[in-house]
Amino acid sequence: MKKIIGGVFGRQELFKTAIRDKVSEQSVPIPIGEQGLQWLLNRHSNSITGLNIQLDDERITLSGSYRAGILNLPFEIKCKPISAEQRTICLLIEQMKPFNKEWIRKKLFNKQEGIRYRDGMLFVDCNQLKGVKAVPVGSIKDVYLKNKKLWLRIGL
């Protein structure tokens, strides 16, 4: 009798493991357009004005002006998505105009809620986006650019 019960429970555990593995492979693709990304980057910033975002199949271009006291410093940043962790995406800054200085990057990004700058990379928390909020569980498994949209794949 013990052998039969052990065999049944053993099969149930295998079945549960197989289902868990299959579910972990599943993901939901969520597209983010230029306006969604602009809202996310500009929602808590009083120092960035005229933020414009352009997406193509290779990189994201951010342009606008940074208000430093009475000066308005125009900027243009080219970055590309390289990875994701939890619900945060990591963008590698490839080029910044007119100045490619570390202190400017820190001033520009570290004052905003949900955005961090560290070691040439920009970390953006995507939890506030409607599409990401609609999926209450899971983390971002993949991030890529395609058809002028930023695509996030949230694993279930």
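These values consider heavy atoms only, across backbone and side chains, with no hydrogens, waters or symmetry-generated copies. Residue numbers count from 1 along this sequence.
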Peer 1: How long is the gap from CG on N127 to OG on S139, to the nearest 0.5 Å?
Peer 2: 10.5 Å

Peer 1: If you round to the nearest 0.5 Å, how far is CG of L129 from CH2 of W39?
Peer 2: 6.5 Å

Peer 1: Return the CG to CD distance between L51 and Q38, rounded to the nearest 0.5 Å.
Peer 2: 5.0 Å

Peer 1: Does D57 use its side chain to pair, donor to acceptor, with the backbone of N147 at less than 3.5 Å?
Peer 2: yes

Peer 1: What do you reckon, is CD of Q86 surrounded by more than 12 foreign heavy atoms closer than 6.0 Å?
Peer 2: no

Peer 1: Does K80 come within less than 4.0 Å of E94, counting only side-chain N to carboxylate O?
Peer 2: yes

Peer 1: Work out which heavy atom in P81 is nearest to a heavy atom in I60; give both atom names and the distance.
Peer 2: CD-CD1, 4.4 Å

Peer 1: Side-chain contact test, heavy atoms from C-beta onward, threshold under 4.5 Å: evaluate it for L150 versus I89 and give yes or no.
Peer 2: yes

Peer 1: Could you list the residues that satisfy salt bridge (Lys or Arg N to Asp or Glu O under 4.0 Å) with R87, not counting sequence neighbours?
Peer 2: none

Peer 1: Between K149 and P31, which heavy-atom pair has the shortest distance, and what is it?
Peer 2: CD-CB, 3.6 Å

Peer 1: Could you tell me the separation between the NZ atom of K148 and the CG atom of L55, rounded to the nearest 0.5 Å?
Peer 2: 9.0 Å

Peer 1: Measure across I154 and G138 and return the closest heavy-atom pair with its distance rounded to 0.1 Å.
Peer 2: CG2-C, 4.0 Å

Peer 1: To the nearest 0.5 Å, what is the distance between NZ (K97) and OG1 (T61)?
Peer 2: 9.5 Å

Peer 1: Hey, what do you get for CH2 (W151) to CD1 (I32), rounding to the nearest 0.5 Å?
Peer 2: 10.0 Å

